[in-house]
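First comes the structure, then the notes that go with it.
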Amino acid sequence: DPSCDLAIDKKASLTGASGTFVDAPSSAPLAAAVGDTVTYQIKVSTPGTVDLTIDMTDQLCDAGTLTGTDGADGSADLLKAGGSITYTCKHLVTATDPDPLPNTACTAGVASAGGVSVAVPTPPDTRCDTAVVDVFQPGELAAGTGSKFLDANNNGAHDDGEGPLSGFVFYVDYNGNGALDSGEPAAASGADGIWTISGIKPGGYAVREMSDPNYN
């Protein structure tokens, strides 16, 4: 008694770093300026018990920037039962882009079992999700930067020998609820501990660090 289904979830980030992708619906778009590069993450998954052969399309991906898990390229990719494929692609925001700038990704597939092939979902339907970017002019958005280090002696200061920590996510908490939410810009600390958040809308907001269970 095989089952088959297909789902898609699209997020956006201005850095493309792990942990910085957020939903960006029309009610809470991500902000970017002309000249910024937006990275999109598209996760296609199936809760079903049958392997699918899927296609994924995203018309706003700049040429040559679409990559997927295990070499998937959006055309006739094998999606294992109960599994997922994560694609990323980039788009350079230009002065000719509309404001707001919606970007929709869609997927459809074919399930085969017992010599029978079934389209998922039923044509002409597809599964789609959209991420929206508010387009600003250069100089209209702010940025924030800082550094992350291991305070080995717990004195609150960056002392000699206390090395940087990478992969920690910092974000602008627009709504003040202490969580990284839709449309909130984020960045991750690099190998040198430095993080830089761009695309901050005008206003006054807290910048917060996402917790890590291995650290106080």
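Taken to the nearest 0.5 Å, the OG1 atom of T88 stands 7.5 Å off from the CG atom of L66. Note that CG of N153 and CG of D159 are 5.0 Å apart. Values are rounded to the nearest 0.5 Å. Here the straight-line distance linking atom NZ of K90 with atom CG of L60 works out to 13.5 Å at 0.5 Å rounding. In this structure, CZ on F136 lies 7.5 Å from CG on D99, to the nearest 0.5 angstrom. Separating the CD atom in Q41 from the CZ atom in F21 is a distance of 5.0 Å, to the nearest 0.5 Å. Note: T53 OG1 to L79 CG = 9.0 Å, rounded to the nearest 0.5 Å.
With hydrogens and angles ignored, the 3.5 Å screen pairs no side-chain donor or acceptor of D134 with any backbone N or O of P29. The main-chain N or O of R127 is never found under 3.5 Å from a side-chain atom of T107 such that the two would form a donor-acceptor pair. For T49 (side chain) and S3 (main-chain N/O), a donor-acceptor pair under 3.5 Å exists by modelled atom type. Without hydrogens or angle criteria, E184 side chain to D173 main chain gives no donor-acceptor distance under 3.5 Å. Of the possible polar contacts, one joining the D151 side chain to the G156 backbone as a donor-acceptor pair under 3.5 Å is found. Within the 3.5 Å criterion, the main-chain N or O of G167 finds a donor-acceptor partner in the side chain of S189. Listed for the D23 side chain is no donor-acceptor partner under 3.5 Å among the backbone atoms of S182. Remark: side-chain polar atoms of Y171 are paired, donor with acceptor, to backbone N or O of A179 under 3.5 angstrom. Put simply, the side chain of T46 gets close to the backbone of D5: a donor and an acceptor are under 3.5 Å apart. Formation of a donor-acceptor pair under 3.5 Å by the D55 side chain with backbone atoms of A76 is found in this model.
Under the 30°/60° scheme for interplanar angles, the aromatic rings of F149 and H158 are found to lie parallel.
More than 12 non-hydrogen atoms from other residues, nucleotides or ligands lie less than 6.0 angstrom from CG of N214.
At a threshold of 4.5 Å between side-chain heavy atoms, the hydrophobic network of Ile, Leu, Val, Met, Phe, Trp and Tyr places V132 and V22 in two separate groups. V50 and I8 are not part of a single hydrophobic cluster, where members link through side-chain heavy atoms under 4.5 Å apart. Hydrophobic clustering (ILVMFWY, side-chain heavy atoms < 4.5 Å, transitive): V116 and V120 are in distinct clusters. Hydrophobic clustering places V169 together with Y40 (ILVMFWY residues linked when any side-chain heavy atoms are closer than 4.5 Å, directly or through intermediates). A continuous path of Ile, Leu, Val, Met, Phe, Trp and Tyr side chains, each step under 4.5 Å between heavy atoms, connects L30 with V135, placing both in one hydrophobic cluster.
Of all non-hydrogen atoms in C128 and T104, the two that sit nearest each other are CB-CG2, 3.9 Å. Looking at every heavy atom in both residues, V110 comes nearest to S117 through CG1-CB, 4.0 Å. Across all non-hydrogen atoms, the minimal contact from A105 to M56 is CB-SD, 4.1 Å. Contact detail for G183 and Y174: the closest heavy-atom pair is O-CE1, 3.4 Å. Counting all heavy atoms, side chain and backbone alike, G19 lies closest to L180 at O-CD2, 3.6 Å. Residue D129 comes nearest to K10 through the heavy atom pair OD2-N, 2.7 Å, listed as atom of the first residue, atom of the second, then distance.
Donor-acceptor pairing under 3.5 Å is lacking for the side chains of T86 and K43. In the model, S84 has no side-chain atom that pairs as donor or acceptor with a side-chain atom of S45 under 3.5 Å.
K80 is listed as a side-chain neighbour of D51, based on a closest heavy-atom distance under 4.5 Å. Contact check for D77 versus Y87: side-chain heavy atoms found under the 4.5 Å cut-off.
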Inset, instruction - Evaluate side chain to side chain contact (heavy atoms under 4.5 Å, CB included) for K201 paired with V172, printing each intermediate quantity in order. - result: CA-CA 10 Å; K201 297 176 183 179; V172 179; over 6 Å; no
Inset, instruction - Decide side chain to side chain contact (heavy atoms under 4.5 Å, CB included) for V133 and H91; before the verdict, give the C-alpha distance in whole Å, the side-chain angles of both, and the deciding distance to 0.1 Å. - result: CA-CA 11 Å; V133 170; H91 175 68; over 6 Å; no
Inset, instruction - Kindly indicate, with the supporting measurements, whether the criterion side chain to side chain contact (heavy atoms under 4.5 Å, CB included) is fulfilled by L141 and I200. - result: CA-CA 5 Å; L141 296 173; I200 304 174; 5.8 Å; no
